[in-house]
2 protein chains.
Amino acid sequence: MKLSNQAQAFVLHFGEMGSRWGFNRTVGQMFALLTIHSEPLNADQLAEALKISRGNVSMGLKELQAWRLIELHHQPGDRKDYFTAAGSIWDLARTVFEERRKRELDPTLTLLRQLLLTDPRDEQEAQAQEKIQEVYSLLEMLDQFANTLSKLDHKDLHKLMKLGSGLNKLLDLKAGVKAKATTKTTNTTTTKSTTGKKAK
Amino acid sequence: MKLSNQAQAFVLHFGEMGSRWGFNRTVGQMFALLTIHSEPLNADQLAEALKISRGNVSMGLKELQAWRLIELHHQPGDRKDYFTAAGSIWDLARTVFEERRKRELDPTLTLLRQLLLTDPRDEQEAQAQEKIQEVYSLLEMLDQFANTLSKLDHKDLHKLMKLGSGLNKLLDLKAGVKAKATTKTTNTTTTKSTTGKKAK
DNA sequence: TTTAACTTTCAGAAGTTTCTGAAAATTGTA
DNA sequence: TACAATTTTCAGAAACTTCTGAAAGTTAAA
């Protein structure tokens, strides 16, 4: 398994960034590699390509399975386990999204809900309670929003893409007036579609 | 500085979660404390309340300032620096959001854009390129979306909250009467989940 | 059965991040 | 200016995370 420069750069970058998205460097690399490589890969291939130990690969695969980001396959006449990324890019992004929501947002909401149940004992606590309520409202909104987003299918996603930065317009549309033209000119960075081909 | 149970719970939780949102435990705690405490606090008070060293507080404050999440104040006749959270909860959330986008999404978009410039040298690379294009499209969409969201003011936010999970309706609304010819096949792949416990 | 092909586990090593506290730097007042 | 109040820095210690590789475990086929 020799990686092209392209694949190498992609994989290394997702290793660094991966830690931001909830998994460690090698898990991020493994996921990136399984994502750009269309053929299934086995543990030895991953270990060789990423130059990491076999044991590390085993642990990484376990974690990626816990995240439901990879799928196990078998090749006829070969006892090795082969893996691919589970589903389309959008499926993967959605899974990461959803999983993080479960892990990061839900526990916080649970705690805040609990804190809001006890009555404040003095002025100080009353003010704190108010802040907690605000945080709670915001996070709950985010949670619902994420929930809705993650339920969208591929088609809806494309609609949303086409709307682009038109969210403002949508808000106006739904809410009626709002004449206050804040001149929010969302400057849309234009993609240079280099490949010519429209992405599959 | 003695924290109420309520404050204690809030602060500790945000310490744990904070690391997910891009800063470390104590920075998360400091931020949480400054957020629920309505009065400005100085470095010594933070150190005492959170039981951490003075030096650590200094570093944490520096980081919070870099994130533009806190504000410096002075009390007449007191040379100490006092800090409060910068703005409303929504302002804070937006700042965190925006800052993370800059740090996490933008570098990735830059890299992917670069990768898309070089022509694939074989079939394998062509397929990889396609995947990269897909990832790029998705992330760019997210980026624009986040960008739009972070520009919404408090009022728009409340509208959005009221819409709640009505995003679907909005999508239908905007896209015309496109009949539901597309049956939503929401869950595509069901992984054979061995769902082991997360490794210790 | 037994064996060989393969995967998983886990103790300790290596690497990384965070924290402390004493010393250095900065600042305001007299 | 001198000094005291305050903040910042940073070397090393402590805490935490990740990685390796040998050994244990599992499985399929002979």
Side-chain angles (χ1 to χ4, degrees), chain A residues 11-12 14-34 40-67 70-83 103, chain B residues 11-12 14-31 33-34 40-67 70-83 103 192-200:
Chain A
V11 162
L12 290 181
F14 275 80
E16 301 317 321
M17 284 301 168
S19 61
R20 298 281 171 177
W21 288 95
F23 19 78
N24 69 32
R25 186 152 39 82
T26 47
V27 172
Q29 291 178 356
M30 289 170 57
F31 182 43
L33 183 48
L34 290 171
L41 293 173
N42 65 41
D44 288 319
Q45 292 174 309
L46 287 168
E48 196 206 337
L50 303 176
K51 305 212 188 344
I52 58 179
S53 76
R54 189 60 188 66
N56 200 358
V57 170
S58 181
M59 292 189 294
L61 288 171
K62 212 174 129 200
E63 178 151 14
L64 286 172
Q65 282 179 302
W67 280 78
I70 57 175
E71 259 168 21
L72 175 59
H73 301 271
H74 281 109
Q75 322 259 304
D78 188 342
R79 284 171 57 184
K80 287 195 177 69
D81 292 347
Y82 284 79
F83 296 88
R103 294 173 189 212
Chain B
V11 161
L12 290 180
F14 275 81
E16 301 317 322
M17 284 301 169
S19 61
R20 298 282 170 176
W21 287 96
F23 19 78
N24 69 33
R25 187 153 38 81
T26 47
V27 171
Q29 291 178 356
M30 289 171 56
F31 182 43
L33 183 49
L34 290 172
L41 293 173
N42 65 41
D44 288 318
Q45 292 174 309
L46 287 168
E48 196 205 335
L50 303 176
K51 304 211 192 344
I52 57 179
S53 76
R54 190 57 190 66
N56 200 358
V57 169
S58 181
M59 292 188 295
L61 288 171
K62 213 173 128 201
E63 177 151 16
L64 286 171
Q65 283 179 302
W67 280 77
I70 56 174
E71 259 167 20
L72 176 59
H73 301 270
H74 281 108
Q75 320 259 302
D78 188 342
R79 285 169 58 182
K80 287 196 177 69
D81 292 348
Y82 284 79
F83 295 89
R103 295 175 188 210
K192 176 186 298 189
S193 63
T194 37
T195 328
K197 281 184 196 180
K198 185 163 180 202
K200 176 191 157 182

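Numbered from 1 within each chain, the chains take letters A, B, ... in sequence-line order. Everything numeric here is computed off the predicted structure, so don't read it as measured data.
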For atom [atom1] of [X] and atom [atom2] of [N], their distance in whole Å:
X	N	atom1	atom2	result
A:Leu61	C:dC6	CG	P	15 Å
A:Met30	C:dT7	CE	P	12 Å
B:Glu63	D:dT9	CD	C1'	16 Å
A:Gln75	C:dA5	CD	C1'	16 Å
A:Leu72	C:dT8	CG	P	9 Å
B:Lys80	D:dT6	NZ	P	4 Å
A:Asp81	D:dT26	CG	C1'	11 Å
A:His74	C:dC6	NE2	P	11 Å

Any side-chain heavy-atom pair of [X] and [Y] under 4.5 Å:
X	Y	result
A:Val11	A:Leu50	yes
B:Asn42	B:Gln45	yes
B:Leu46	B:Leu34	yes
A:Ile70	A:Leu72	no
A:Tyr82	A:Leu41	no

Reading nucleotides 17-30 of chain C from the 5' end, what letters show protein touch, with B for base, S for backbone sugar-phosphate only, - for no heavy atom under 4.0 Å? -SSBB-----BB--

Does B:Lys62 place a side-chain N or O at less than 4.0 Å from the phosphate oxygens OP1/OP2 of D:dT7? no

Any base atoms under 4.0 Å from A:Asp78, or only sugar-phosphate, or nothing? Heavy atoms, all strands. sugar-phosphate

If you round to the nearest 0.5 Å, how far is CZ of B:Phe31 from CH2 of B:Trp21? 11.5 Å

